[in-house]
Amino acid sequence: MTAKIIDGKAYAEGLRARIANAVKELEAKHGLKPGLAVVLVGEDPASKVYVANKAKQTVEVGMNSWEHRLDASTSEKELLALVDKLNKDPAVHGILVQLPLPKQIDSSKVLSALDPAKDVDGFHVVNVGKLSTGQDALVACTPVGSVMLAKDALGKKLEGLEAVVIGRSNIVGKPVAQLLLAENCTVTIAHSRTKDLPQVVRRADLVIAAVGRPEMVKGDWIKPGACVIDVGINRIERDGKAKLVGDCDYASCAAVAGSITPVPGGVGPMTIACLLHNTVRAACAQKSLPVPEM
Ligand code: NAD
């Protein structure tokens, strides 16, 4: 079997086009222009690229975008003051504080200071709690994007499937497991202490790999026909060249799976698209408006 390649880049483009239509509709019917403020502290090169991409795509879908770039020496108090100002600004519907933060700042304190209604990254404990109790929540973007791709690949029906999530981080593993539970999957969360991981993965109709270990998941761990969503983004050097690879050994997994996300071009492009999606949802909730179809 050769797996169908799940084209996350194309799916994300389509989603952004639907978001742009929703933004137009909100502006025309209700005079609402959703807005996202992104805060970057310091000079981390990867974070700078992410923040620039977020701002560019926010503007492309017709939303307001604000970038707050603060010096690496910014104190926790200064950052909390900015968060407070953004919380109170009615034009700002979503706030994202780019992680990691410099070591003088306690990230959990900053994330807790965000207004949960504007927490478009879905990391605030109120949103995490709402997700795990089945309430409407702003949910972390990469997990939302991963489940959208799985639903698209599997014809929307995830009910009753055996899903194995590899990784239990707060950013990916745990929220993706909650989303799959809400889709009525039978969910197993595997992690670094799981005994006989290959055997656990073999029972999965849907595998979500979020480990951060290059090409760890091998083709002989995959049940024939399973859907494989590879969240991993790992930079390696091969034949003297820098290369991005996932947590799954793509060639051997693609030979067995029914469908698989490539790296790059799979889950990666979905994250920013889902951030924009969350910002529109947050803006509508703040104005008590129904969320347009996206
Ligand atoms: P993390 O390091 O916080 O968590 C990794 C998890 O993997 C841990 O829960 C750990 O228990 C588990 N793990 C580690 N070694 C293991 C092993 N040998 N066997 C089984 N489980 C093991 O990482 P994260 O933030 O969840 O990110 C995971 C991967 O996803 C990384 O490659 C990261 O770059 C990528 N990522 C991609 C996006 C995106 O596509 N936009 C977003 C977030 C993370």
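Ligands are counted one by one from 1 in listed order, and the atoms in each one are counted from 1 as well. Atoms considered below: every heavy atom in the structure, side chains included; atoms not considered: hydrogens, waters and symmetry mates. Position 1 is the first residue of the sequence; numbering continues from there. This one's a predicted model, so the numbers in the text were calculated from it and none came from an experiment.
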* Asked: Salt bridge between Arg18 and Glu13, side-chain N to carboxylate O under 4.0 Å?
  -> no
* **Validation row: Arg202, Ile222 side chains within 4.5 angstrom (heavy atoms)** => no
* With backbone taken as N, CA, C and O and side chain as the heavy atoms from C-beta onward, which portion of Arg193 lies under 4.0 Å from ligand 1: side chain, backbone, both, or neither? -> neither
* To do: Write out the residue and atom name of the closest protein heavy atom to atom 31 (C) of ligand 1, then the distance separating them to 0.1 Å.
  => Gly212 CA, 3.6 Å
* Nearest-contact summary for atom 15 (N) of ligand 1 - protein heavy atom, Å -> Arg213 NE, 2.7 Å
* Considering the heavy atoms of Gly268, write down every atom of ligand 1 situated less than 4.0 Å from one of them. => 40 (O)
* **salt_bridge(Glu183, Lys151) N-O dist < 4.0 Å** => yes
* Asked: Do the side chains of Val207 and Tyr250 join up, straight or via other hydrophobic residues, at under 4.5 Å, putting them in one cluster?
  -> yes
* Asked: In ligand 1, which numbered atoms sit nearer than 4.0 Å to a non-hydrogen atom of Gly167?
  -> 6 (C), 7 (O), 9 (O), 12 (C)
* Quick one: look up the protein heavy atom nearest atom 32 (O) of ligand 1 and list residue, atom name and how far away it is. => Ile233 N, 3.0 Å
* Structure fact -> Among non-hydrogen protein atoms, atom 8 (C) of ligand 1 lies closest to Arg168 N, 3.9 Å
* Consider only side-chain N and O atoms of Thr74 and Asp71, and report whether a donor and an acceptor are under 3.5 Å apart. => no
* Are Arg281 and Asp136 ion-paired here, with the side-chain N under 4.0 Å from a carboxylate O? -> yes
* Which of these, Val231, Asn170, Thr142, Val201, has its nearest heavy atom closest to atom 30 (O) of ligand 1? -> Val231
* Structure fact -> If you scan protein heavy atoms around atom 43 (C) of ligand 1, the nearest is Val172 CG2, 3.8 Å
* In the protein, what heavy atom is nearest to atom 5 (C) of ligand 1, and what distance, to one decimal place, separates them? -> Val211 O, 3.3 Å
* Nearest heavy atom to atom 26 (O) of ligand 1: which of Ala190, Ser169, Pro269 does it belong to? -> Ser169
* Step-by-step side chain to side chain contact (heavy atoms under 4.5 Å, CB included) determination, Leu36 to His93 -> CA-CA 6 Å; Leu36 172 66; His93 305 102; over 6 Å; no
* Between Lys118 and Gln286, do the side chains contain an N or O donor and an N or O acceptor separated by less than 3.5 Å? -> no
* Structure fact -> At under 4.0 Å between heavy atoms, what of Met216 touches ligand 1? The answer is side chain
* Asked: From Ser112 OG over to Asp106 CG, what is the distance, rounded to the nearest 0.5 angstrom?
  -> 8.0 Å
* The single option from Asn53, Thr279, Ile19, Leu276 passing side chain to side chain contact (heavy atoms under 4.5 Å, CB included) against Thr58 -> Leu276
* Asked: Nearest non-hydrogen atom to atom 11 (O) of ligand 1 belongs to which of Ser192, Gly266, Gly145?
  -> Ser192
* Location of contacts on Asn234 toward ligand 1, heavy atoms closer than 4.0 Å -> side chain
* Identify the closest protein heavy atom to atom 41 (N) of ligand 1: which residue and atom is it, and at what distance? -> Thr271 OG1, 2.8 Å
* Structure fact -> among protein heavy atoms, the one nearest atom 19 (N) of ligand 1 is Leu197 CD2, 3.7 Å
